[in-house]
Amino acid sequence: MTVSINNFDASTVSASAHVDIGDAVRRSRQAIGYSVDELALTCGLTDAEITNIELGADADPGKLRRIAAALQLPVTAFLLS
């Protein structure tokens, strides 16, 4: 099965993948100089939601799309190959 943002949900990805997605979000955020607060404000999520994603506790596709848009990245930047 190919994982894309269209068929991506937390049940299809292992726990280690969540950490990789969270790390990709954190690295992308830091690369453009955003704090968690700034990213949350830009994409309309809460600080806690961003933190949970970066810690690997949440990999909601809708939230990842919003973060990718806020960081001006393709959402595939947060998916494993």
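No hydrogens, no waters, no symmetry mates; every other heavy atom, side chains included, goes into these values.
- Listed by chain and number, the residues in a side-chain hydrogen bond (donor to acceptor under 3.5 Å, both in side chains) with R26 are D23, Q30 (sequence neighbours excluded).
- In this structure, CD1 on I53 lies 7.0 Å from CG on D60, to the nearest 0.5 angstrom.
- Taking both residues in full, the closest heavy atoms of A77 and A24 are given as O-CB, 3.9 Å, listed atom of the first, atom of the second, then distance.
- With sequence neighbours left out, the side-chain hydrogen bond (donor to acceptor under 3.5 Å, both in side chains) criterion links T51 to no other residue.
- The two atoms that bring S28 and F78 nearest to each other are OG-CE2, 3.7 Å, heavy atoms only.
- Summarising the geometry, atom CD belonging to E49 is positioned 8.0 Å from atom SG belonging to C43; distances are rounded to the nearest 0.5 Å.
- Between Y34 and L71 the shortest heavy-atom distance is CD2-CD2, 3.9 Å.
- One distance of note links CD1 of I50 with OG of S35; it measures 10.0 Å at 0.5 Å rounding.
- Separation of atoms NZ (K63) and CG (L45) is listed at 6.5 Å; rounding is to 0.5 Å.
- Side-chain heavy atoms closer than 4.5 Å link hydrophobic residues (I, L, V, M, F, W, Y) into clusters, and following such links, even through other members, never connects L41 to V36.
- Listed by first and then second residue, the salt bridge (charged side-chain N to carboxylate O under 4.0 Å, His left out) pairs involving residues 33-46 amount to none (not counting sequence neighbours).
- The heavy-atom pair separating L64 from A59 by the smallest distance is CD1-O, 3.9 Å.
- Listed for the R29 side chain is no donor-acceptor partner under 3.5 Å among the backbone atoms of L39.
- Between I21 atom CD1 and E54 atom CD the span is 13.0 Å, to the nearest 0.5 Å.
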